Participant: 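To start, I am sharing the structure in question, which I have written as structure tokens.
Since the model is a prediction, treat every value here as computed from it, not as a measurement. Both ligands and their constituent atoms are indexed starting at 1 by order of listing.
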Amino acid sequence: MSGISGTSGTNSTNSTNSTSGTNSLVGSVIVVGSGPTGLLLAGDLASAGVPVTLVEKRPHKISNLSRAFVVHARTLEQLDARGLADELEAVGRRLDRLGLFGRLTVDLSTLPSRFRHLLVVPQYEVEKVLERRAVEAGVEFRHETEVTGLVQDADGVTVEVRGPGGEPGSLRAAYVVGADGMRSAVREAVGLPFPGRAVIRSVVLADVRLAENPGTLLTANAVGDAFTFLAPFGDGYYRVVGWHRGRDVPDSEPLDLDEIKEIARLSLGRDYGMHDPRWMSRFHSDERQVPAYRVGRVFVAGDAAHVHSPAGGQGLNTGLQDAANLSWKLAAVLHGRAEEPLLDTYQAERHPVGRSVLRSSGGIVRLAMAKRPWELGLRAALTTFLDHVGPARRRVVGQITGIGYAYGAPRGAHRLTGTRVPDVALAGGRLYEALRGGRFVLITPEVYGGGDGRKDRLAVERWASGRRTTVLVRPDGYVAWAAESADPAAIERAVAAHVG
Ligand SMILES: Cc1cc2nc3c(=O)[nH]c(=O)nc-3n(C[C@H](O)[C@H](O)[C@H](O)COP(=O)(O)OP(=O)(O)OC[C@H]3O[C@@H](n4cnc5c(N)ncnc54)[C@H](O)[C@@H]3O)c2cc1C
């Protein structure tokens with residue numbers, strides 16, 4: 001890459017720490033923020049041959065303090081489509097059941113996915129895997145470099161930064177993605193509001209060891225004003241999330257283990273001998289979403305675009321799905337295979353999902369906080385309803401795990417268009433292996449000759465079964481186009497339109 005000087009090589013990443021000069025990186029992308037969203041996005045782009053600079057204000061060190069600790073089935077599918085799921089599964093703990101409000105057991109073992117469970121794994125393990133992939137793909141990391149503003153014009157975006165020694169500088173690229181978290185500087189620089197409100201205050205968190213085994217895999221209960229949730233990481237530590245309605249204090253208020261133990265005793269009847277906390281924190285939870293995920297050449301993704309309560313474990317998962325949706329579109333446009341309007345589908349597809357996540361995680365919190373008799377009655381009725389009515393339960397499970405989301409389809413399109421494709425068996429293997437090249441996958445019962453000149457962006461496969469449907473799968477695992485017949489002219493038209 002041109003114009004970047006001062007490679008420091010201080011760590012294992014491709015890290016440059018100089019910010020002097022303005023770079024003219026036409027055809028490139030600057031990703032701001034090396035949280036999970038930025039790491040997946042940057043890794044995808046670099047794997048697709050797009051020059052990427054990842055700007056991160058922190059020094060290079062993946063924290064061993066975990067925020068998120070749940071990876072859902074759809075995220076595992078996306079990781080599988082990049083050859084990363086097995087590695088993460090090896091360090092996490094699988095749970096195939098969830099208990100809600102003491103009445104409802106959600107069984108994940110029947111999910112229509114290769115991953116019929118959720119994975120309890122610290123966020124830093126997810127980041128570790130994604131960072132290694134991004135490094136191997138050639139992402140250029142700039143740590144200790146803070147984005148302070150940006151200006152866009154017809155040809156690109158100039159990003160103002162402050163480097164490791166506090167020196168100002170600028171970087172330039174064709175597109176910028178703000179994956180810089182809840183207090184996003186990118187969002188602010190393009191003038192996007194972040195409307196919403198605080199939902200809960202003073203939630204306490206800790207990763208602790210327990211003297212007594214809780215006996216079940218996930219433990220959660222609310223009694224009176226107190227709520228506690230316990231989940232095992234599998235390495236001897238448990239994540240405790242507690243909340244007491246009566247202790248509405250600022251996040252800066254000191255926290256000690258006794259406060260957490262007391263909340264646990266109130267809501268679970270015991271504190272299981274919590275000891276040796278490796279991390280404790282107090283936080284409040286907001287529900288906010290940007291009205292637009294794109295402003296010209298600038299995009300926002302992950303927590304920069306939406307935040308909500310941790311209930312349902314959706315934050316990290318939704319951010320990774322944002323990244324998976326945007327990366328192949330940016331790569332297609334930058335390689336000249338798709339027109340700019342493809343980038344607008346990022347907003348059209350991901351904004352409604354973000355809104356739905358805000359609604360579902362907010363709903364879980366409100367049910368957990370139920371106190372008045374009518375609220376408790378409503379909660380009991382709802383959990384009984386979900387326990388007995390399969391389609392409603394499947395809908396909720398589809399939203400929580402992410403596998404239930406589908407994107408819109410044009411009028412008259414085949415019914416599969418926009419839907420997620422499970423890991424179907426192919427004559428030459430399985431779909432999520434075929435997706436590992438970051439390409440479209442055409443699954444057809446007939447011989448298709450149009451793939452030869454498009455090998456860099458299209459894999460052609462046949463069903464393992466005798467199925468007659470022809471399906472063109474996008475790199476993010478959703479149906480771009482489908483037809484019941486295998487008319488060669490229709491397939492060629494569809495491939496030319498979507499794959500280029
Ligand atoms: C207590 C807690 C528990 C949670 N539990 C779950 C869970 O179980 N499941 C789940 O899915 N989610 C959970 N979440 C949410 C999850 O942690 C976040 O949604 C996730 O980290 C968002 O990832 P991100 O990459 O979008 O943003 P972040 O992880 O916030 O990363 C943003 C990055 O941008 C960098 N940055 C910020 N500003 C700048 C700047 N100006 N210049 C350069 N770099 C910048 C930051 O240093 C940071 O590294 C939880 C969150 C909390 C707080």
Participant: Give the atom numbers and elements of ligand 1 that come within less than 4.0 Å of a heavy atom of Ala185.
Facilitator: 41 (N)
Participant: Mind listing the closest non-hydrogen atom pair of Leu205 and Ile260 along with its distance?
Facilitator: O-CD1, 4.1 Å
Participant: So for ligand 1, is Lys57 a polar contact partner (N or O within less than 3.5 Å, distance only)?
Facilitator: yes
Participant: Is Gln123 touching ligand 1 with its side chain, its backbone, both, or neither, if touching means heavy atoms under 4.0 Å apart?
Facilitator: side chain
Participant: Tell me whether ligand 1 is touched by Leu39 - counting only heavy atoms on the residue side and a distance under 4.0 Å.
Facilitator: no
Participant: Would you check the N or O atoms of Glu146, main chain and side chain alike, for any that come under 3.5 Å of an N or O of ligand 1?
Facilitator: no
Participant: Taking the minimum heavy-atom distance to atom 23 (O) of ligand 1, which of Gly35, Pro36, Ser34 ranks first?
Facilitator: Pro36
Participant: List ligand 1 atoms under 4.0 Å from Gly181, heavy atoms only on the residue side.
Facilitator: 27 (O), 30 (O), 32 (C)
Participant: Considering only heavy atoms of Gly302, which atoms of ligand 1 have at least one such atom less than 4.0 Å away?
Facilitator: 26 (O)
Participant: Is there a polar contact, in the sense of an N or O pair closer than 3.5 Å, between Gly33 and ligand 1?
Facilitator: no
Participant: Indicate, as side chain, backbone, both or neither, the part of Ala179 found under 4.0 angstrom from ligand 1 when only non-hydrogen atoms are considered.
Facilitator: backbone
Participant: Who are the side chain to side chain contact (heavy atoms under 4.5 Å, CB included) partners of Pro254, not counting sequence neighbours?
Facilitator: none
Participant: For ligand 1, find out whether one of its N or O atoms is nearer than 3.5 Å to an N or O atom of Leu316.
Facilitator: yes
Participant: Flag the pair Arg474 and Glu349 as a salt bridge only when some basic side-chain nitrogen lies within less than 4.0 angstrom of an acidic carboxylate oxygen.
Facilitator: yes
Participant: Any carboxylate oxygen within less than 4.0 angstrom of a Lys/Arg side-chain nitrogen, looking at Asp44 and Arg133?
Facilitator: yes
Participant: Is the closest N or O pair between Glu127 and ligand 1 shorter than 3.5 Å?
Facilitator: no
Participant: Looking at Phe233, I'd like to know if the NZ or CZ of Arg278 sits under 6.0 Å from its six-membered ring centre while staying within 45 degrees of the ring's axis.
Facilitator: yes
Participant: In ligand 1, which numbered atoms sit nearer than 4.0 Å to a non-hydrogen atom of Phe69?
Facilitator: 7 (C), 8 (O)
Participant: Can Arg74 and Thr401 be counted as having a side-chain donor-acceptor contact under 3.5 angstrom?
Facilitator: no
Participant: Parallel, tilted or perpendicular, judged at 30° and 60°: which one describes the rings of His117 and Phe115?
Facilitator: perpendicular
Participant: Counting only heavy atoms closer than 4.0 Å, does ligand 1 sit against the backbone of Leu205, its side chain, both, or neither?
Facilitator: side chain
Participant: Can the positive tip of Arg209 be found less than 6.0 Å from the middle of the six-membered ring of Tyr237, inside 45° of the ring normal?
Facilitator: yes
Participant: Considering only heavy atoms, which of Gly319, Ala189, Gly402, Gly313 lies nearest to atom 9 (N) of ligand 1?
Facilitator: Gly313
Participant: Please confirm whether Met182 comes within less than 3.5 Å of ligand 1 when only nitrogen or oxygen atoms on both sides are compared.
Facilitator: no
Participant: Is Arg265 salt-bridged to Glu262, going by a charged N under 4.0 Å from an acidic O?
Facilitator: no
Participant: So, are Asp80 and Arg436 salt-bridged, with charged N and O less than 4.0 Å apart?
Facilitator: yes
Participant: Which is closest to atom 38 (N) of ligand 1 in terms of heavy atoms, Leu40, Asp180, Val126?
Facilitator: Asp180
Participant: Do you know the tightest heavy-atom contact between Leu40 and Leu320?
Facilitator: CD2-O, 3.3 Å
Participant: Among residues at least two apart in sequence or on other chains, which ones pass salt bridge (Lys or Arg N to Asp or Glu O under 4.0 Å) with Asp251?
Facilitator: none
Participant: Should you measure from each heavy atom of Arg58, which atoms of ligand 1 turn up under 4.0 Å away?
Facilitator: 47 (O), 49 (O)
Participant: Quick check on contacts: which atoms of ligand 1 are under 4.0 angstrom from a heavy atom of Val32?
Facilitator: 42 (N), 43 (C)
Participant: Which of parallel (below 30°), tilted (30 to 60°) and perpendicular (above 60°) describes His143 and His60?
Facilitator: tilted
Participant: Do any nitrogen or oxygen atoms of Arg239 come within less than 3.5 Å of a nitrogen or oxygen of ligand 1?
Facilitator: no
Participant: Is there any N or O on Val147 that sits under 3.5 Å from an N or O of ligand 1?
Facilitator: yes
